[in-house]
2 protein chains.
Amino acid sequence: MDPDVAYERAELLKAFSHPTRLQILDELRKGTRCVTDMEDILPVTQVNISQHLTVLRNARLVDFAQDGALRCYYVSRPKLVGGVLDLLSAGHPVIRKTKEQIDREKAGSPKEKVSSRG
Amino acid sequence: MDPDVAYERAELLKAFSHPTRLQILDELRKGTRCVTDMEDILPVTQVNISQHLTVLRNARLVDFAQDGALRCYYVSRPKLVGGVLDLLSAGHPVIRKTKEQIDREKAGSPKEKVSSRG
DNA sequence: GTGTAACATTAGAATGTTCTTATCTTACAA
DNA sequence: TTGTAAGATAAGAACATTCTAATGTTACAC
């Protein structure tokens with residue numbers, strides 16, 4: 001993976017990587033919300049919500065439409081945001097491998113062993 | 001989303017959120033690697049790779065099997081790691097909404113309007 | 001124009017992460 | 001048992017993120 005690409009992707013993931021921002025994204029996934037809606041739900045200050053929304057906006061994960069004095073925030077990359085949130089909420093069992101398993105994998109994969117089962 | 005759950009998920013995402021760690025995960029996805037293999041590929045010191053591997057191990061994203069003096073590292077939650085890396089490499093167009101679109105969505109969704117097309 | 005509700009911005013202290021340098025452990029071969 | 005290759009750990013400086021407190025902006029009703 002190219003270092004520049006890796007950097008860019010890490011920056012994107014960093015925008016997700018905060019409890020409050022995950023909660024904001026999860027809430028916005030249900031529908032458009034303005035800042036005061038979020039104040040009612042999240043145990044943090046308005047200023048702090050605004051700051052986190054700025055981070056999310058810079059990462060192009062959310063955007064807003066102005067409605068008078070209100071700002072209607074929405075998720076601007078639904079498949080990305082939904083994909084990440086869904087992955088996080090799914091169960092992912094931790095696997096373990098022994099040296100022997102690894103050796104067998106190494107022996108099998110390089111030549112795509114045709115003999116076993118095929 | 002429960003704040004404790006949000007915290008836990010943010011911690012998990014933080015383990016992904018570093019260029020070097022993404023590169024390590026991408027490399028390990030191709031197969032088991034020891035630390036010196038990674039030294040050859042990544043433009044960082046052995047110490048630094050070790051430190052990043054510790055972060056990944058604490059997050060239960062990787063583990064290793066000892067082979068003499070070598071440590072064979074592998075991805076221990078392949079679906080999670082693969083899912084995140086695949087999402088990142090896919091193209092995710094940024095959508096925009098106007099206030100009018102949002103108003104229409106709000107009007108349609110609450111009652112799951114049956115009249116249009118059905 | 002004045003007041004106010006909704007939201008953003010700024011500055012800085014507090015906190016957390018990352019990298020560097022030095023040191024340590026372990027496995028193994030001579 | 002000495003040397004060396006593989007890898008981990010510790011301490012701290014450098015850097016980045018987060019939160020708090022104060023202030024700024026905008027839209028609108030009166």
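Below, read A as the first sequence line, B as the second, and so on, with proteins coming before strands; counting in each chain starts at 1.
One interatomic measurement links the two molecules: NZ of B:Lys99 to P of C:dA6, which rounds to 16 Å at whole-angstrom precision. Put simply, CD on B:Gln51 is 13 Å from C1' on C:dT23, counting in whole angstrom units. Rounding to whole angstrom units, CD1 of residue B:Ile49 and P of C:dT18 are separated by 15 Å. Straight-line distance from the CZ atom of B:Arg71 to the C1' atom of C:dC28: 16 Å, rounded to whole Å. Rounded to a whole Å, the CG atom of B:Asp67 is 11 Å from the C1' atom of C:dA27.
In terms of position along DNA chain D, the nucleotide closest to A:Glu11 lies nearer the 5' end than the nucleotide closest to the other residue of the pair A:Ala69 and A:Glu11. For A:Gln66 and A:Val55, each mapped to the nucleotide of DNA chain D holding its nearest heavy atom, the one lying further toward the 5' end belongs to A:Val55. Nearer the 5' end of DNA chain C, as judged by each residue's closest nucleotide, is the contact made by A:Leu70, out of A:Arg57 and A:Leu70.
In the hydrophobic clustering, B:Ile102 connects to A:Tyr74, either directly or through intervening members, whenever side-chain heavy atoms lie under 4.5 Å apart.
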A:Asp86 and A:Arg29: CA distance, side-chain angles, deciding distance, salt bridge (charged side-chain N to carboxylate O under 4.0 Å, His left out) verdict
CA-CA 11 Å; A:Asp86 287 346; A:Arg29 204 154 63 125; 3.1 Å; yes
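With sequence neighbours left out, the side-chain contact (heavy atoms from CB on, under 4.5 Å) criterion links A:Leu70 to A:Cys34, A:Asp67.
For the segment residues 29-37 of chain A, residues with any heavy atom less than 4.0 angstrom from an atom of DNA chain C are, sorted by number, A:Cys34, A:Val35, A:Thr36. Contacts between residues 13-22 of chain A and DNA chain C, defined by a heavy-atom separation below 4.0 Å, involve no residue at all. Interface residues of residues 41-48 of chain B facing DNA chain C, ordered by number: B:Val47, B:Asn48; criterion, heavy-atom separation under 4.0 Å.
The main-chain N or O of B:Ser50 is found under 3.5 Å from a side-chain atom of B:Thr54 such that the two form a donor-acceptor pair. Under a 3.5 Å cut-off, the side chain of A:Glu8 and the backbone N or O of A:Ala10 do not form any donor-acceptor pair.
Residue B:His52 places no side-chain N or O under 4.0 Å from the OP1 or OP2 atom of C:dT17.
No path of Ile, Leu, Val, Met, Phe, Trp and Tyr side chains, each step under 4.5 Å between heavy atoms, connects B:Met38 with B:Val47, placing them in separate hydrophobic clusters.
Side-chain polar atoms of A:Arg77 and B:His92 form no donor-acceptor pair below 3.5 angstrom.
Nucleic acid contact for A:Tyr73: sugar-phosphate only, since backbone atoms but no base atoms lie under 4.0 Å from a heavy atom of the residue.
Taking the 5' to 3' direction, DNA chain D first and last meets chain A under 4.0 angstrom from a heavy atom at D:dT17 to D:dC28.
Minimum interatomic distance between A:Arg21 and A:Lys14 (heavy atoms only, all atoms of both residues): NH2-O, 3.1 Å. What you find for A:Ala15 and A:Ala59 is that their closest heavy atoms are CB-CB, 3.4 Å. The two atoms that bring B:Phe16 and B:Leu80 nearest to each other are CZ-CG, 4.2 Å, heavy atoms only. The two residues A:Gln66 and B:Lys99 have their closest heavy-atom pair at O-CD, 3.8 Å. Here the closest heavy-atom approach between residue A:Leu25 and residue A:Val75 is recorded as O-CG2, 4.3 Å.
With a 4.5 Å cut-off on side-chain heavy atoms, B:Gln51 and B:Asn48 count as touching. Under the 4.5 Å side-chain criterion, counting only non-hydrogen atoms from C-beta, A:Leu22 is not in contact with A:His18.
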